[in-house]
J.: 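Mind looking over this structure? Questions follow.
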Amino acid sequence: MQGTEFNDKDAVTRERRDKVKAAMVHAWSSYEKYAWGMDELLPQSRRGSNEFGGLGATIVDSLDTLYIMGLDAEFQKAKQWVAANMTFDKYYDASVFETTIRVLGGLLSAYDLSQDSMFLNKAKDLADRLLPAWNTPTGIPFTTINLQTGHAHNSGWTGGSSVLADLGTEQVELIGLSQRTRNPLYMEKAENVIKKLKEVFPADGLLPMFISPHSGKPTTSKVTFGAMGDSFFEYLLKVWILGNKTEAVNLYWEMWQQSMEGLQTLTKKSSPSGFLYIAERSSSLIDKMDELACFAPGMLALGSMNAPSEKAPVYLNLAKELVKTCYNFYARSPTKLAGENYLFRQGQDMVVGTSWNIQRPETVESLMYLWRATGDNIYRDWGWNIFQAFEKQGRIDSGYVGLRDVNTGVKDDKMQSFFLAETLKYLYLLFSPSDLIPLNEWVFNTEAHPIRIISRPGPGLEGLKDNDHVNKDQVIPSHFRGTGSWLRNVKHSSLDHLH
Ligand code: DMJ
């Protein structure tokens, strides 16, 4: 399945990679200067904000990006902050999903890359505080939990329901944690959720976006691959890959394939240009697609790299068509940055709906997967165009901002932690050889934190070999093996140009 290395050593690609790395240095040093230790940087105000409980979201979200880019001093400083300052004993109502994908995922990835057990200990401490969220009649978690008291609940705006993309996007992290701590509790909680969902899984695999934690049943008919649905579908595939595609995880593969059949019933073509898009569905189809749904072409490309030969081309062709649409969200915008969502109208193709851009990664994420799956340079060129638009529209002296309106280019005042975790990382990988974080050895969580695939022959942890979670031979890419740490080797190897 491994993406082949195509044309990776050319000067243009190297230059693009260097520019992305320079963007990361600018983003990171601005955060260091104005918002160190806080969750996110407000670049225009030149101060920080804490919207994730003051857990240092940007630091933990950036650890693996710094590591992968070979920014050693920055990684060490971030690591020291985590060791000395990251504490979870906070009276704060945290989103179980956001805390899992950003903080738990970031810690696990930093552990896998650096093998420093401090990260794993922090991950365990955090997960133990999140676990009471799963204490519901069905085991389907609440979406919010107080990190200090363990009191968990759902908000009124969902009518008391849990959100599909929240409750179905914690499996990669919790299974990964169980494998590394040898405590099955975390994966049992996470996997029980999928078993419960299977009981109400519709024939077309399109589970609606709200589920009751009390009855285990959907409480709405709304189906979406955008906000509140998206990463549930992504994790069905990724848990299957993380589980070595064995019998123990076959349920996930079956459910994912089913939902991809369903996805095809939501696809329509725009007029006049025939762009393929994924509609939403309530009682009938709604001609709207979120930029968030642009993770789907990447997921389909990853699926195609793992699927049997009769299915692979179907998934890949779908991925190619959809990523073209997502790229056009950017290319057709006056600022060359996409809005938050698009409406499809007869005769007008795509029209921007909500017009802000908050530095989201989904389209460049998909371009990275499409590049790895096909080796077609067009995906690098498209990614480069998007990167240049982020530079032109978003770069200011004190960091990177999003846009309040992609039509006018009016700037906002936020550097999202996922800009460093995802957007810049996927761009960097797009311009790197495919064996940097190879897709047959690592699974990216939904916040782009790579989690190493380790053996899972049985339904629980029984297949885990003693050293599976600390085996450096598996951490270090093959051509860096045998001479010390990956980071050190990267710097002194023939792949120096990478960094
Ligand atoms: C990220 O936190 C994750 O990618 C999540 O799955 C969706 N939203 C943001 C990025 O847009």
Side-chain angles (χ1 to χ4, degrees), residues 27 39-40 49 51-53 55-65 94-109 143 162-174 209 224-239 278 289-300 302 323 326 329-330 337-342 353-369 386 390 394 400-403 406 412 414-427 429-430 443-451:
D39 283 330
E40 290 176 312
S49 73
E51 283 179 26
F52 296 98
L55 303 182
T58 295
I59 296 180
V60 71
D61 243 356
S62 298
L63 282 164
D64 50 13
T65 308
S95 155
V96 179
F97 163 74
E98 297 290 0
T99 312
T100 300
I101 66 167
R102 295 181 200 230
V103 187
L104 187 55
L107 290 168
L108 285 176
S109 185
T143 52
S162 300
V163 175
L164 182 64
D166 291 13
L167 62 97
T169 314
E170 288 132 357
Q171 283 65 22
V172 164
E173 296 81 2
L174 293 183
M209 65 185 202
T224 177
F225 276 82
M228 291 184 274
D230 50 10
S231 43
F232 161 69
F233 301 102
E234 173 187 345
Y235 269 28
L236 291 177
L237 177 67
K238 289 184 171 177
V239 172
I278 310 173
M289 182 172 167
D290 289 348
E291 197 281 342
L292 280 164
C294 288
F295 81 98
M299 171 187 69
L300 284 156
L302 180 64
V323 83
C326 290
F329 291 167
Y330 289 76
L337 286 178
E340 179 73 355
N341 55 49
Y342 283 82
T354 305
S355 61
W356 67 61
N357 176 292
I358 56 166
Q359 311 174 315
R360 288 199 189 277
E362 291 74 18
T363 299
V364 295
E365 167 185 353
S366 283
L367 291 172
M368 191 280 291
Y369 282 105
I386 293 174
F390 279 123
Y400 285 87
V401 293
L403 299 183
V406 296
D412 71 13
K414 175 69 83 73
M415 187 170 79
Q416 307 284 339
S417 78
F418 56 67
F419 184 65
L420 295 86
E422 300 193 69
T423 312
L424 294 178
K425 184 188 287 132
Y426 283 130
L427 282 163
L429 292 173
L430 176 64
V443 168
F444 289 94
N445 87 338
T446 196
E447 189 79 0
H449 297 306
I451 309 295

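Just so you know, ligand 1 is whichever comes first in the structure, and atom 1 is the first atom listed for that ligand. Residue numbers count from 1 along this sequence.
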J.: Mind checking whether Glu234 contacts ligand 1 via backbone (N, CA, C, O), side chain (CB onward), both or neither, at a 4.0 Å heavy-atom cut-off?
T.: neither

J.: Please report the interatomic distance CG(Leu174) to OG1(Thr169), rounded to the nearest 0.5 Å.
T.: 11.0 Å

J.: At a 4.0 Å threshold, what atoms of ligand 1 neighbour a non-hydrogen atom of Leu292?
T.: 7 (C), 8 (N), 11 (O)

J.: Which of the numbered atoms in ligand 1 are under 4.0 angstrom from any heavy atom belonging to Pro361?
T.: 10 (C), 11 (O)

J.: Tell me, which protein residue and heavy-atom name are nearest atom 6 (O) of ligand 1, and how many Å apart are they?
T.: Thr446 OG1, 2.8 Å

J.: Kindly state whether the ring of Phe225 and the ring of Phe233 have centres lying under 6.0 angstrom apart.
T.: yes

J.: Could you say whether the N/O atoms of Glu447 and ligand 1 ever approach to under 3.5 Å?
T.: yes

J.: Mark up the atoms of ligand 1 that fall under 4.0 Å of a heavy atom belonging to Arg102, in ascending order.
T.: 2 (O)

J.: Give the contacting part of Ile101 toward ligand 1: side chain, backbone, both or neither, where contact means a heavy-atom distance below 4.0 Å.
T.: side chain

J.: How far is atom 10 (C) of ligand 1 from its nearest protein heavy atom, and which residue and atom is that?
T.: Glu362 OE2, 3.2 Å

J.: Could you state the interatomic distance from CZ (Phe444) to CD (Glu422), rounded to the nearest 0.5 Å?
T.: 10.5 Å

J.: Report the part of Ile358 in contact with ligand 1, treating N, CA, C, O as backbone and CB onward as side chain, heavy atoms under 4.0 Å; options are side chain, backbone, both, neither.
T.: neither

J.: Which is it for Gln416 and ligand 1 at heavy atoms under 4.0 Å: side chain, backbone, both or neither?
T.: neither

J.: Does any donor atom in the side chain of Glu234 or Thr446 lie under 3.5 Å from an acceptor atom in the other side chain?
T.: yes

J.: Indicate yes or no: at least one non-hydrogen side-chain atom of Val172 is less than 4.5 angstrom from one of Val239.
T.: yes

J.: Classify the side-chain pair Tyr426/Glu362 by whether it contains a donor and acceptor separated by less than 3.5 Å.
T.: no

J.: Would Glu340 and Arg360 pass as an ion pair if we require N to O under 4.0 Å?
T.: yes

